[in-house]
Asker: 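Before we start, here is the structure in question, set down as structure tokens.
Here, residue 1 is the first one in the sequence, and each next residue gets the next number.
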Amino acid sequence: MATGITRRKTRQHDTVRGPELPPPPARTWGPGWGASGPTEDELRRERLWQDLLQDGWRAEIVGGRIIVSPWAKRRHGVLLDRLADQLYDVKRKNGWEFHQCWAVHIPPERGDKRLPDLLVAPPDCPEFDDNQAYGYGTLMAVEVTSSDSRHDDLNIKPAKYARAGIPVMLILDDFSERPSVRLLCDLLAGEYQTSVIAESGQPVELPEPFGIKLETDLIFR
């Protein structure tokens with residue numbers, strides 16, 4: 001009798017185990033990468049780019065190449081700070097955010113990204129992934145020229161940011177004959193239709209939703 005009871009308990013135990021758990025779902029990749037995710041080369045490049053950012057380097061991916069820039073000088077940060085002083089009221093009023101470490105996805109290359117010196121965006125700006133924004137959801141990108149990046153800032157980045165859909169770009173050029181601010185706006189078919197250059201002392205009217213006048217002499221003083 002004891003043996004029979006033991007067997008029945010064993011059979012009952014087997015029946016309550018139920019079916020085995022299903023395998024975990026396959027990893028899904030964020031927007032832009034597709035269901036298959038990045039290639040091995042793209043994944044290695046992404047990891048290296050993130051490591052560089054975490055180590056304090058200013059890194060971008062352009063045409064599949066990682067470009068690392070030297071640390072900015074104090075003057076670079078001072079110009080951004082003076083610009084930010086004039087933007088703070090409209091920023092607070094609208095609940096916008098200032099970012100200096102958030103990259104922008106540059107189509108059509110899935111891995112291409114640029115890191116503006118200042119990115120103004122609403123809090124609900126759509127994300128390409130955790131590290132970069134979709135440009136069309138931002139409000140403005142700002143670049144400050146340096147002696148070794150001036151050509152890139154003036155001639156290359158505007159086309160990239162326009163392609164990404166950033167509606168307004170501002171370039172603080174401390175290396176022109178007279179320090180100046182270049183405003184690029186009126187985006188149409190992936191190109192800026194309006195380009196305005198104001199030398200130090202001349203005001204710059206930022207379009208809506210900013211709707212404010214920048215005093216350039218307060219930036220370059």
Side-chain angles (χ1 to χ4, degrees), residues 58 60 62-63 67 69-91 93-94 96-100 102-107 112-122 133 135-221:
R58 182 178 179 80
E60 301 171 296
V62 182
I67 298 178
S69 303
W71 287 6
K73 297 179 181 179
R74 181 184 180 187
R75 173 71 174 174
H76 187 282
V78 167
L79 295 181
L80 281 177
D81 184 67
R82 292 172 181 171
L83 170 66
D85 279 345
Q86 299 188 53
L87 296 175
Y88 270 133
D89 285 346
V90 68
K91 169 192 180 295
K93 178 182 176 181
N94 292 283
W96 296 340
E97 299 172 349
F98 285 178
H99 299 278
Q100 290 183 276
W102 199 19
V104 175
H105 168 62
I106 307 295
D112 274 15
K113 51 185 70 74
R114 285 287 192 169
L115 189 63
D117 290 322
L118 178 65
L119 184 66
V120 184
Y136 62 79
T138 67
L139 299 169
M140 182 169 68
V142 181
E143 294 287 354
V144 180
T145 64
S146 59
S147 57
D148 57 353
S149 71
R150 186 169 182 263
H151 174 78
D152 196 36
D153 293 330
L154 294 176
N155 301 291
I156 306 299
K157 290 184 179 180
K160 301 287 187 180
Y161 288 152
R163 190 188 308 155
I166 298 177
V168 178
M169 181 182 182
L170 210 61
I171 306 173
L172 310 184
D173 188 5
D174 207 25
F175 290 86
S176 52
E177 187 173 344
R178 287 190 61 185
S180 62
V181 173
R182 179 176 296 185
L183 168 66
L184 298 159
C185 58
D186 295 330
L187 190 63
L188 179 65
E191 295 183 358
Y192 294 119
Q193 304 299 306
T194 299
S195 177
V196 176
I197 298 178
E199 294 183 339
S200 180
Q202 299 174 332
V204 175
E205 295 275 358
L206 292 186
E208 295 295 341
F210 295 90
I212 62 172
K213 181 186 296 184
L214 292 179
E215 302 296 338
T216 57
D217 56 337
L218 297 181
I219 296 175
F220 295 107
R221 69 179 189 273

Asker: For side chain to side chain donor-acceptor pair (under 3.5 Å), just list the numbers for His105 and Asp112, CA-CA rounded to whole Å, side-chain angles, deciding distance to a tenth of an Å, and then say yes or no.
Answerer: CA-CA 6 Å; His105 168 62; Asp112 274 15; over 6 Å; no

Asker: Which heavy atom of Leu79 sits nearest a heavy atom of Ile219, and at what distance?
Answerer: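 Minimum heavy-atom separation between Leu79 and Ile219: CD2-O, 3.1 Å.
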
Asker: Okay, side chain of Gln202, backbone of Glu199: is any donor-acceptor separation there less than 3.5 Å?
Answerer: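 Side chain of Gln202 to backbone of Glu199: a pair is present.
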
Asker: Are side-chain heavy atoms of Val144 and Leu80 found at a separation under 4.5 Å?
Answerer: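 They are in contact (side-chain heavy atoms under 4.5 Å apart), so the answer is yes.
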
Asker: Tell me which pairs pass ring pair (Phe, Tyr, Trp, His ring centres under 6.0 Å) where either residue lies in residues 161-188, with sequence neighbours left out.
Answerer: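 Qualifying pairs: none.
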
Asker: Do the side chains of Arg82 and Arg221 get nearer than 4.5 Å, heavy atoms only?
Answerer: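 With C-beta onward as the side chain, the pair touches.
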
Asker: When rounded to the nearest 0.5 angstrom, what distance separates CG in Leu172 from CG in Asp117?
Answerer: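 If we round to the nearest 0.5 Å, Leu172:CG and Asp117:CG are 8.5 Å apart.
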
Asker: Got Phe220 and Asp174 here, is their nearest side-chain heavy-atom distance under 4.5 Å?
Answerer: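 Answer yes - side chains close enough.
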
Asker: Could you walk me through whether Val104 and Leu115 satisfy the side-chain contact (heavy atoms from CB on, under 4.5 Å) test, starting with their C-alpha distance in whole Å, then the side-chain angles of each, then the deciding distance to 0.1 Å, before giving a yes or no?
Answerer: CA-CA 6 Å; Val104 175; Leu115 189 63; over 6 Å; no

Asker: Quick one, Ile171 and Leu184 - any side-chain contact, counting heavy atoms below 4.5 Å?
Answerer: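 The answer is yes; the side chains approach within 4.5 Å.
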
Asker: Working to the nearest 0.5 Å, report the span between CG of Asp85 and CG of Leu218.
Answerer: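 Rounded to the nearest 0.5 Å, the CG-CG separation comes out at 9.0 Å.
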
Asker: Closest approach of Ala164 and Ile106, non-hydrogen atoms and distance?
Answerer: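 Heavy atoms of Ala164 and Ile106 come nearest at CB-CD1, 3.9 Å.
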
Asker: Locate the shortest heavy-atom distance separating Ser200 from Arg178; write the atom from each residue and the value.
Answerer: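 Minimum heavy-atom separation between Ser200 and Arg178: O-NH2, 2.9 Å.
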
Asker: So which atom in Leu139 and which in Pro167 form the shortest heavy-atom distance, rounded to 0.1 Å?
Answerer: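 Closest approach of Leu139 to Pro167: O-CG, 3.3 Å.
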
Asker: For side-chain contact (heavy atoms from CB on, under 4.5 Å), just list the numbers for Thr138 and Val120, CA-CA rounded to whole Å, side-chain angles, deciding distance to a tenth of an Å, and then say yes or no.
Answerer: CA-CA 6 Å; Thr138 67; Val120 184; over 6 Å; no

Asker: Is there side-chain contact between Leu214 and Ile212, with heavy atoms separated by less than 4.5 Å?
Answerer: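 The answer is yes, as the side chains (C-beta and beyond) meet within the 4.5 Å cut-off.
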
Asker: Can you list the steps and then say if Val181 with Ile197 is a side-chain contact (heavy atoms from CB on, under 4.5 Å)?
Answerer: CA-CA 6 Å; Val181 173; Ile197 298 178; over 6 Å; no

Asker: Shortest non-hydrogen contact from Leu87 to Met140?
Answerer: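 The answer is CD1-CE, 3.9 Å.
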
Asker: I'd like to know if the side chain of Asp81 and the backbone of Gly77 have a donor-acceptor N/O pair within less than 3.5 Å.
Answerer: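 Checked: no pair found.
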
Asker: Restricting to side-chain hydrogen bond (donor to acceptor under 3.5 Å, both in side chains), what partner residues turn up for Ser176, sequence neighbours left out?
Answerer: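 side-chain hydrogen bond (donor to acceptor under 3.5 Å, both in side chains) list for Ser176, sorted by chain: Ser180.
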
Asker: Rounded to the nearest 0.5 Å, how far apart are OG of Ser149 and NE2 of His76?
Answerer: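 Result: 6.5 Å between the selected atoms.
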
Asker: Under the side-chain hydrogen bond (donor to acceptor under 3.5 Å, both in side chains) test, which residues partner Asp173, sequence neighbours left out?
Answerer: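 By the side-chain hydrogen bond (donor to acceptor under 3.5 Å, both in side chains) rule, Asp173 matches Thr145, Arg150.
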
Asker: Pick one: which of Lys157, Arg182, Arg114 meets side chain to side chain donor-acceptor pair (under 3.5 Å) with Glu143?
Answerer: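 That would be Lys157.
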
Asker: Inspect the surroundings of CD in Gln193 and state if more than 12 heavy atoms from other residues, nucleotides or ligands are less than 6.0 Å away.
Answerer: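 Yes.
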
Asker: Rounded to the nearest 0.5 Å, what's the gap from CZ on Phe210 to CG on Asp89? Could you check?
Answerer: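 One finds 13.5 Å between CZ of Phe210 and CG of Asp89.
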
Asker: Find out whether Leu119 and Val142 are in side-chain contact, i.e. whether some heavy atom of one side chain is under 4.5 Å from a heavy atom of the other.
Answerer: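 Heavy-atom side-chain distance check fails, nothing below 4.5 Å.
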
Asker: Does the separation of the ring centres of Tyr88 and Trp96 fall below 6.0 angstrom?
Answerer: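 No; Trp96 has its ring centre 6.0 Å or more from that of Tyr88.
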
Asker: Would you mind reporting whether Asp153 and Pro158 have side-chain heavy atoms less than 4.5 Å apart?
Answerer: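 No, too far: nothing below the 4.5 Å cut-off.
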
Asker: So which heavy atom on Ala198 is nearest to which on Pro203, and how close?
Answerer: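 So the minimum-distance heavy-atom pair works out to CB-O, 3.9 Å.
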
Asker: Step through the shown structure and confirm whether more than 12 heavy atoms of other residues, nucleotides or ligands are within 6.0 Å of CD on Glu208.
Answerer: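 Buried by this count: over 12 neighbours within 6.0 Å.
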
Asker: Checking the side chain of Gln86 only, and the main-chain atoms of Glu215 only, is there a donor and an acceptor separated by less than 3.5 Å?
Answerer: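 Yes: the side chain of Gln86 pairs with the backbone of Glu215.
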
